[in-house]
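Here is the structure we will look at, set down as structure tokens.
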Amino acid sequence: MVNLTIDGKEIQVNEGMTLLGAAGKAGVDIPTLCWMKGLNDIASCRVCLVECDGELVASCNTPVREGMVVNTATPRVVAARRANVQTLMEGHRYECGTCVRQETCALRTLASEFNVSDSQFYLPEKAPWDESFPLIRDASKCIKCMRCVAECSKVQYCSVWEHSGSGPNMNVFAKDGLPIDAAGCALCGQCITHCPTGALTARDDTGKVMEALLDPEVMTVVQVAPAVRAAWGEGVGVAREDATPGRMASALRALGFDKVFDTDFAADLTIMEEGSEFVEFLGSDKPRPMFTSCCPGWVRFAKLHYPQFVAQLSSAKSPHQMEGAVVKNTLAAEADEAGKRIFVVSIMPCVAKKYECDVPQLATEKGSDVDAVLTVREFDRMLKMFRVDCGALEETDWDSPLGLSTGAGTIFGRTGGVMEAALRSAVFLITGENPDFSACDTTDSTPEKPWVSKHLEVAGTPVDIAVASGLGNTAKLLDALEAGEVHFDFVEIMACPGGCVGGGGQPIEFNKELAVERAANLNALDEADTLRYSHENPDVQKLYEDWVGKPLSHTSHEWLHTDQQTWDI
Ligand code: SF4
Ligand code: SF4
Ligand code: SF4
């Protein structure tokens, strides 16, 4: 243990701890910008400076020493921090009024906190960028903090971003100077949610959606992913307990959508298809494991970095694509009669789904399943544009019949949820009996474990399953599978840490990882639901009766499945 004094408080901490960590233990708040716990302590922003034995040092990477006397708020410290924030602002394209990160920009918050109002702002030129790609980088807003580099390489194992030079001459760019669409990006969006400024954003598609809402010849249909209900209120100032799914349905109606559906319905449909596929797979001699395919970030990662596993992906489309295909096919007559064309909008916690909806091989004869994908951040921006008082809205139901869902569909939004929902129904399909919820539980995931595994006996058949989230964890699992160190029959992968609740399209709160909190919300909704098995969803049963026949039927293959091997990134 090491004894030191911080702002007059004597404390004892573990040897090796940083001054920033020790200050946190002492209840002293130090501002940070480039620092990310355990990932980035390069001290490039110099915002966390403190005075220690007469010297100014960066608290994020200075280890504690016996007898240190540290002051975190002397005039010298404050003046130095302010000068550093000012320098960062001067090298940053300062256009807060039109920046999508204006309310969540950590640099703007610091500039305001340090009263930086007297700079001669230098406005760097924007570098060319492929604005059609779902991930947008504006180098003129980059403050070279390296958080994106750390997140992409150390957490997501994609190593898309590189840097060269140092100090004011430092540059960050896509690796080998490649265009972003050729740099191995899975489109998980994690670099966006960890960038402190508007240098990295998701492509804004709200204009496209507004055009559809304004067009009298368009029937606008919106659907909302499971994980959105756990986070949408964060960006519009509605407390988690008040941001209910029913209020979200009303908020969507306030935006003017003609039909408001819940992608949870299609999550149940996915389980019927993927669960049936798994039951067939179990009786086959196909190479193990079968992988879930509902996360397009994971599908992109597999195609880009582990193509040897692509043949083992489930052929099921992701739930929002399924919902889109069902909407376009089953509502076609109603739209024709009204002289309208259908425009499907997906509100998703996800950046990869912006790319997925444009994949031509996923379209049916009715065209693209989905016409536009908005992130939760875009959804929240639209709610503000329309001045919707979300907290005051009455709760309403989803439109029927493509809106009813079960708790199994709701937990799709968190890591392990797809596996749990699939097991609830796969066991039923094999044994004719619903399993206990605890038998399917996958919630013992911890950050230390790259994956969670479980051994089950289903009607005498051994079934080994595994669940991983985050692409670094995924890479470790795939490497272990390839090396023959582990064996599984069924594997769920979600690209974002914690699953879609931690998705790259979710609201951003600087230095807060909210996936666990949001997942608890989804679990509570599942537990409170009267329907908790996808095969018990009456609307899904009716869809099969009226339109699709049965899981894995000819129509099901046309609408709800794809051959993953026939298309490239
Ligand atoms: S793009 Fe964002 S996260 Fe990356 S270095 Fe620039 S400011 Fe930091
Ligand atoms: S979206 Fe994901 S994979 Fe792509 S650059 Fe960002 S962190 Fe890396
Ligand atoms: S985990 Fe969810 S949010 Fe993240 S890429 Fe996959 S589907 Fe999208």
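Predicted model only: the values in this text are computed from it and were never measured. Just so you know, ligand 1 is whichever comes first in the structure, and atom 1 is the first atom listed for that ligand. Sequence positions, counted from 1, serve as the residue numbers for this chain.
Shortest contact from atom 6 (Fe) of ligand 3 to any protein heavy atom: Cys295 SG, 2.3 Å. In terms of protein heavy-atom proximity, atom 8 (Fe) of ligand 2 is closest to Cys152 SG, 2.3 Å. In terms of protein heavy-atom proximity, atom 2 (Fe) of ligand 1 is closest to Cys195 SG, 2.4 Å. Nearest to atom 1 (S) of ligand 3 among the protein's heavy atoms is Cys496 N, 3.4 Å. The closest protein non-hydrogen atom to atom 7 (S) of ligand 3 is Lys353 NZ, 3.2 Å. At the top of the distance list for atom 4 (Fe) of ligand 2, counting protein heavy atoms only, stands Cys185 SG, 2.3 Å.
Between the side chains of Glu513 and His194, at least one donor N or O sits under 3.5 Å from an acceptor N or O. Side-chain contact of Asp268 with Thr406: a donor-acceptor pair under 3.5 Å is present, judged by distance alone. There is no side-chain donor-acceptor pair under 3.5 Å between Asn115 and Arg82. The closest side-chain donor-acceptor pair between Ser314 and Glu274 falls under 3.5 angstrom. Side-chain atoms of Arg147 and Asn511 form a donor-acceptor pair, as typed in the model, at a separation below 3.5 Å. Between the side chains of Asp479 and Tyr306, at least one donor N or O sits under 3.5 Å from an acceptor N or O. Defined by atom type and a distance below 3.5 Å, a donor-acceptor pair is missing between the side-chain atoms of Glu323 and Thr263. Remark: the Ser318 side chain and the Gln321 side chain contain no N/O donor-acceptor pair separated by less than 3.5 Å.
In terms of heavy-atom proximity, Leu39 sits nearest to Val155 at CD1-CG2, 3.6 Å. Smallest separation of non-hydrogen atoms from Ala325 and Asp369: CB-OD1, 3.5 Å.
Contacts with ligand 1 closer than 4.0 Å are made by heavy atoms of both the backbone and the side chain of Ile143. Counting heavy atoms closer than 4.0 Å to ligand 1, residue Cys148 contributes atoms from both its backbone and its side chain. At a 4.0 Å heavy-atom cut-off, ligand 3 does not touch Met348 at all.
Cation-pi geometry between Arg203 and Phe133 is not met at under 6.0 angstrom from the ring centre and within 45 degrees of the axis.
Here Cys188 meets the criterion, with an N, O or S atom under 2.8 Å of atom 2 (Fe) of ligand 2. At a threshold of 2.8 Å, atom 2 (Fe) of ligand 3 has a backbone or side-chain N, O or S atom of Cys500 nearer than that distance. Here Cys191 does not reach atom 2 (Fe) of ligand 1: none of its N/O/S atoms is less than 2.8 Å from the metal.
Under the 6.0 Å cut-off for aromatic ring centres, Trp398 and Phe265 do not qualify, their centroids lying 6.0 Å or more apart.
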Decide side-chain hydrogen bond (donor to acceptor under 3.5 Å, both in side chains) for Glu151 and Gln156; before the verdict, give the C-alpha distance in whole Å, the side-chain angles of both, and the deciding distance to 0.1 Å. CA-CA 6 Å; Glu151 184 69 22; Gln156 296 298 73; 5.8 Å; no
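Counting the atoms of ligand 2 from 1 in the order shown, those under 4.0 Å from a heavy atom of Gly189 are 1 (S), 2 (Fe). For ligand 2, the atoms sitting less than 4.0 Å from at least one non-hydrogen atom of Ala186 are 3 (S), 4 (Fe), numbered in the order shown with element in parentheses. Listed by number with element, the atoms of ligand 3 under 4.0 Å from a non-hydrogen atom of Ala495 are 1 (S), 5 (S), 6 (Fe). Ligand-side atoms of ligand 3 in range of Pro349: 3 (S), range being under 4.0 angstrom from any heavy atom. Residue Lys144 approaches ligand 1 through these ligand atoms, each under 4.0 Å from one of its heavy atoms: 5 (S), 6 (Fe). Numbered from 1 in the order shown, with element, the atoms of ligand 3 that lie under 4.0 Å from a heavy atom of Cys350 read 3 (S), 5 (S), 7 (S), 8 (Fe). In summary, the atoms of ligand 1 found under 4.0 Å from a heavy atom of Ala199, numbered by their order in the structure, are 1 (S), 2 (Fe). Close contacts between ligand 2 and Cys158 involve ligand atoms 3 (S) [criterion: under 4.0 Å to a heavy atom]. In the vicinity of Pro296, heavy-atom distances shorter than 4.0 Å reach the ligand 3 atoms 7 (S). Within the listing of ligand 1, atoms 1 (S) sit less than 4.0 angstrom from a heavy atom of Leu200. The distance from ligand 3 to the heavy atoms of Gly503 drops below 4.0 Å at these ligand atoms: 3 (S).
Under the 4.0 Å criterion applied to side-chain N and carboxylate O atoms, Lys141 and Glu95 are assigned as salt-bridge partners.
Using a 4.0 Å cutoff on heavy atoms, Trp161 counts as a contact of ligand 2.
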